[in-house]
Amino acid sequence: MGTTVSEGQRRDARDTRRRLLEAAAALFAERGYERATVRDIAERAGVNQALLFRYFGSKRALFGEVIAHNGEEQLRTTPPHELLEAALRGLLGHGGKEPGSRALATLLRSVDSGDEIGTAVRAISDDYARVLATLSSADNRALRADLALSWLLGIGTMRVIVGKEPLAEADPDEVCALVTTALGTLLDGLPAPTAGRKAAGGRALRAEAAPGRGDDATGPEPG
């Protein structure tokens with residue numbers, strides 16, 4: 001007599017799988033592939049770690065599914081003209097409630113974790129670049145998209161991993177305004193920054209251009 005799986009058991013299995021995916025996505029984004037342990041993932045999901053192997057087979061397979069799921073979710077739910085800013089905000093550590101917002105942060109922290117991981121990273125990078133290329137009308141749109149994606153990942157590296165100031169603590173609106181304005185020269189289909197973000201970027205540029213008030217500042221000669 002065969003074993004029947006009840007609808008309740010199927011729901012429990014789906015819920016457990018979902019919780020493992022969410023816990024793994026958070027930990028991979030926070031720590032990278034190597035430092036996120038199976039024990040920690042299971043603990044955050046509130047399940048026995050044996051269930052991770054039952055549903056995913058291995059930590060590597062789980063990572064591949066997290067990368068694919070998060071990236072596909074962001075690409076599926078984000079219009080192409082909004083993708084660059086959505087991905088940038090995910091790297092800046094803000095706006096993390098949007099679907100798939102951790103995709104590039106996870107990718108960034110795990111790029112040196114072996115051949116299989118590298119394959120998953122390249123695949124999702126190709127998917128992002130393919131969408132960004134649709135924002136350019138130039139013949140070399142694929143190169144332009146790769147350059148834009150490379151800049152995003154470089155910003156993420158300096159802010160999240162290196163912690164370089166002032167970028168590490170910079171206001172995300174200001175960063176987004178400056179980056180989207182500059183990247184408009186590569187991707188002509190990018191929307192212009194909104195009034196608030198444009199003002200933030202403008203203030204930053206004016207501050208950089210303003211003369212100093214130290215020893216080099218000159219004033220009118222006394223009469």
Side-chain angles (χ1 to χ4, degrees), residues 1-80 82-132 149 152-153 156-157 159-161 172:
M1 184 173 177
T3 303
T4 13
V5 179
S6 70
E7 180 58 31
Q9 288 173 309
R10 280 193 290 270
R11 280 198 303 272
D12 288 345
R14 286 194 297 268
D15 181 63
T16 298
R17 201 173 190 283
R18 176 188 58 77
R19 283 189 286 142
L20 282 166
L21 275 172
E22 290 176 353
L27 285 169
F28 287 142
E30 291 167 14
R31 305 179 188 177
Y33 176 80
E34 297 294 346
R35 294 179 58 212
T37 67
V38 168
R39 182 190 299 274
D40 289 340
I41 293 169
E43 184 176 324
R44 183 169 294 196
V47 302
N48 188 293
Q49 65 183 24
L51 291 174
L52 185 151
F53 296 103
R54 175 188 298 179
Y55 292 118
F56 298 98
S58 68
K59 178 182 166 184
R60 284 184 178 274
L62 173 60
F63 178 82
E65 189 150 345
V66 164
I67 285 284
H69 178 269
N70 280 4
E72 288 169 5
E73 184 73 1
Q74 187 168 58
L75 292 169
R76 181 181 65 81
T77 59
T78 309
E82 295 178 7
L83 178 62
L84 187 140
E85 182 170 344
L88 178 57
R89 287 185 180 277
L91 287 170
L92 294 174
H94 293 260
K97 294 181 181 179
E98 289 84 353
S101 63
R102 291 192 180 105
L104 290 185
T106 304
L107 179 154
L108 191 63
R109 289 187 178 277
S110 306
V111 287
D112 293 324
S113 300
D115 291 342
E116 290 179 50
I117 305 305
T119 298
V121 166
R122 282 190 295 275
I124 195 63
S125 297
D126 287 344
D127 290 340
Y128 273 84
R130 194 174 300 114
V131 174
L132 291 176
L149 182 60
L152 289 190
L153 294 176
T157 298
R159 181 178 173 106
V160 176
I161 296 177

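Fair warning: this is a prediction, and the values are worked out from it, not measured in the lab.
If you take CZ on Phe63 and CD on Glu34, they are separated by 9.5 Å, rounding to the nearest 0.5 Å. Going from atom CD of Glu72 over to atom CD1 of Ile67 covers 11.0 Å, rounded to the nearest 0.5 Å. Between the CG atom of Leu51 and the CZ atom of Phe56 there is a distance of 10.5 Å, given to the nearest 0.5 Å. Atoms CD1 and CG, from Ile124 and Leu149 in turn, are 10.0 Å apart once rounded to the nearest 0.5 Å. Taken from CG in Leu152 to CG in Leu84, the straight-line distance is 4.5 Å, to the nearest 0.5 Å. In this structure, the separation between CZ on Arg35 and CZ on Phe28 is 13.0 Å, given to the nearest 0.5 Å.
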Practice item. List the steps, then state whether side-chain contact (heavy atoms from CB on, under 4.5 Å) holds for Leu21 with Leu62. Key: CA-CA 7 Å; Leu21 275 172; Leu62 173 60; 4.0 Å; yes

Exercise for review: Test side-chain contact (heavy atoms from CB on, under 4.5 Å) on Val38 and Phe53 and set out the steps.
Suggested key: CA-CA 9 Å; Val38 168; Phe53 296 103; 3.8 Å; yes

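Nearest heavy atoms, Gln49 versus Arg39: OE1-CA, 3.3 Å. The minimum heavy-atom distance between Arg159 and Pro172, with the atom names listed, is NH2-CG, 4.4 Å. Among all heavy-atom pairs drawn from Leu20 and Ile41, the shortest one is O-CG2, 4.1 Å. Closest non-hydrogen pair, Ala87 versus Tyr128, comes out as CB-CE2, 4.4 Å.
Using a distance-only test at 3.5 Å, with no hydrogens or angles considered, no donor-acceptor pair links the side chain of Lys59 to the main chain of Leu52. Between the Arg31 side chain and the Ala36 main chain, no donor and acceptor come within less than 3.5 Å of each other. When atom types are taken as modelled, the side chain of Arg44 and the backbone of Ala23 share no donor-acceptor pair closer than 3.5 angstrom.
Electrostatic pairing of Glu73 and Arg76 counts as a salt bridge here, judged by a charged N lying under 4.0 Å from a carboxylate O. Salt-bridge formation is detected for the pair Asp15/Arg19: a Lys NZ or Arg NE/NH1/NH2 atom is positioned less than 4.0 Å from an Asp or Glu carboxylate oxygen.
For Arg54, the CZ atom counts as loosely surrounded, since its 6.0 Å shell holds 12 or fewer non-hydrogen atoms of other residues, nucleotides or ligands. Around the CD atom of Glu82, the shell of radius 6.0 Å holds more than 12 heavy atoms that belong to other residues, nucleotides or ligands.
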